[in-house]
Amino acid sequence: MSVPESKSSTGVSYVLKIHVSPSLSTRSSCTVRVRKGTTAALVVQRIAELLELDLSRMYELMEVRGHAGDKHILRKDDCPVDCLLLWPQGHEESQSYHFTFQEGKQDTSGQYGTVQDFLTPRHEDVKDLCSLTVLNEASILETLRCRFYKNQIYTYASNILITINPFKFLPIYNPKYLQRYENCILGKEDPHIFAIADAAFHAMLSKQTNQCIVISGESGSGKTQSTNFLIHCLTALSRKGCTSGVERTILGAGPVLEAFGNAKTTYNNNSSRFGKFIQVNFLEGGIVRGATVEKYLLEKCRLVSRKSRERNYHVFYYLLVGASQEEKEEFKLLEPENYHYLKQDQADVDDAAEIQYEFKRLQQAMEMVGFLPATKKQIFSVLSAILYLGNVTYETRADGDGVTVGPADVLKTLSELLKVREDLLIEALTQRKAQTVNDVLVLRYSLNEAITARDSMAKSLYSSLFDWIVLRINHSLLNKRDMEEAVPCLSIGVLDIFGFEDFTINSFEQFCINYANEHLQNYFNQHIFLLEQAEYVSEKISWTSVSYTDNVGCINLISQKPTGLLYLLDEESSLPHATDSTLLEKFKRQHQENPFFVPTPVLEPAFVIQHYAGKVKYQIKDFRAKNMDHMRPDIIALLRSSERGYLRQLIGLDPVAVFRWGILRAIIRAVYAIKGAGRRWAAEHPATVRRYSRDTLREMKRPSVTIGRLMR
Ligand SMILES: Nc1ncnc2c1ncn2[C@@H]1O[C@H](COP(=O)(O)OP(=O)(O)OP(=O)(O)O)[C@@H](O)[C@H]1O
């Protein structure tokens, strides 16, 4: 029967009167008092205790709704009171009771487990979750929670380290801790991120194989901090042998990448808006040799728009607030609130002192990774130009054909900063050229097209700048001796990518991020469930197979040839008359039967994917445009006409070719410098000059493993 409620000093409580299946007890019903948030699992536990049932068996709560008599087995975290409030009337079949308590069926064991599972000791003090005597969701959460409140933010699950972000300084990353975890078997000491670095380091040395540490978690969970701690520990572990200075460069790369690739978001004041893979290379004896950084998917759209209360990339605020008066004049800088790309949201800078400090730190870090003062100036003038681009405005021409562009002073400043002709700049911002068989057609932009072209130019410039910075960092992380000799290296990679995202509005970026996370999850599934279980079977260990949610179907939905969503998107992006709506229709037509493609109402411009971490709804708007977001030929032509060599290099050339040229140029310079020094020395010591044997040409041509890998 349905339930009256009573008020106590601790809030509203509800009385559930529950029908008991005759097969379980002679009592036809029982009563439990619960609160709104009490879960079905807890209710089941209480009834089983009340009826003195065998707690090693499985039980469940079945809801019987209203007159229609729909039956529904409650999941363990469903709240019976919520069901009750939604469907207040019981059903005759269960004698008007709203819920029936019955024996659990085998196929629903995943929902409840046995009652014993819920009788978790309040807290077991274990460092490794695998040592829990009762292992279930409740006991895991309880253990993590209790450890966290004791400032023990790290817990193992076998060789996986679980971290809970403390959001406060803990004195556990100093040299004493580095020492404590050095050469220490995993699990011997308290769980710690340094133990993971040490385990990877020693596995690399003992097995002579490359290692990889994968970091995963939602935004703000502490992935980047963990990456920094790992790199810090890995470079410290190697330092015993000799110091090559490369550790300093590796540590300097972090603040540069953060300034250009991180931004303040609603979840995290220093959120990485790109993914990265940092590979630290070691000599076979364990001494750091160099490193490489690979970046994935910079969030370009942040440059021109973002959610309210979020900011653009840090570097813009650093420059505007931190620059000296002289620099402000040189780069024609204004206040943040005067730029359209900054003032849409949190342009008001309430943390000026901190930003000034960060600008100084950035300048130092840029020096550490080898940016000369002239290079820094070039970078700052490109940043200033990007901000001015946002201030370009348009008006539809009186005759309705195309747009006029302004304001005049902005265009003048832009052409000075980019060192391009103003008339060419105006052309690129208002029209595009199309080549026909015999002619070149000039097509004027509509207002919307012109705004898109302007923003596209800003995004292209910024992402080229970011790519170039990553290349330069790689250049300085490369051990210079790798250019001369081939040395066998081992490596430890640290992967720090965006965690799974599900916002109120999800777009193409979330689609790509969640697809990458599906692959990570699949990797975990393979290694933790499939391979581990296969090993038990091969070793003839008696073992009950553990079921898990296989996400291969979801990966196939997105990327399987030829009908995966990514292929359909590419196909639809290349058709001239296609739109986002035709794309959505294509998705729906192709995948309406796919269990991972959840149906949405016909008129809703969105689709839903059943990911391993839950359902996510993606708005189809701009999927095609974002998929095709490459640099427009007219913009490339304009920037290639710049008198600034740096800009031409940034835009016009293949970045890998720029990098190769950089290395070649460094070698030529080094050869000239060595020859010059040799000549000077020979002139000063004529008596001691003798002929040294030199390497054969073949020796000199022998490829460097590291450079080879980097250039591939
Ligand atoms: N171990 C830690 N000790 C103290 N504070 C931490 C720790 N880890 C993270 N934090 C705090 O949490 C903030 C967010 O962490 P971090 O930027 O590493 O998250 P993230 O997972 O990389 O987020 P995003 O995906 O948005 O980049 C940090 O700026 C720092 O203040």
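Throughout, numbering of the chain's residues begins at 1 and tracks the sequence. Just follow the structure's listing: the first ligand is 1, and inside any ligand the first atom is 1. Side chains are part of it too, since the values below use all heavy atoms of this structure and drop only hydrogens, waters and symmetry mates.
Distance check on atom 24 (P) of ligand 1: some protein heavy atom falls below the 4.0 Å cut-off.
At least one N or O atom of Gly222 sits closer than 3.5 Å to an N or O atom of ligand 1. Any N or O atom pair closer than 3.5 Å counts here, and Gln225 shares at least one such pair with ligand 1. In terms of N/O distances under 3.5 Å, ligand 1 is not approached by Pro166. Geometrically, ligand 1 and Arg273 share no nitrogen or oxygen pair separated by less than 3.5 Å. Residue Ser226 places no N or O, backbone or side chain, under 3.5 Å from any N or O of ligand 1.
Ion pairing of Arg624 with Asp570 is absent here, as no side-chain N (NZ or NE/NH1/NH2) approaches a carboxylate O to less than 4.0 Å.
Here the shortest heavy-atom pairing between Tyr181 and Pro191 reads OH-O, 4.2 Å. Contact between Ser216 and Asn517 at its shortest, heavy atoms only, is OG-OD1, 4.4 Å.
You'll find the side chain of Lys615 stays beyond 4.5 Å of the side chain of Ile609, heavy atoms only. Residues Leu569 and Leu565 form no side-chain contact, since every pair of their non-hydrogen atoms from C-beta on lies 4.5 Å or further apart.
Those atoms of ligand 1 that come under 4.0 Å of a heavy atom in Phe229, given as number and element, are 1 (N).
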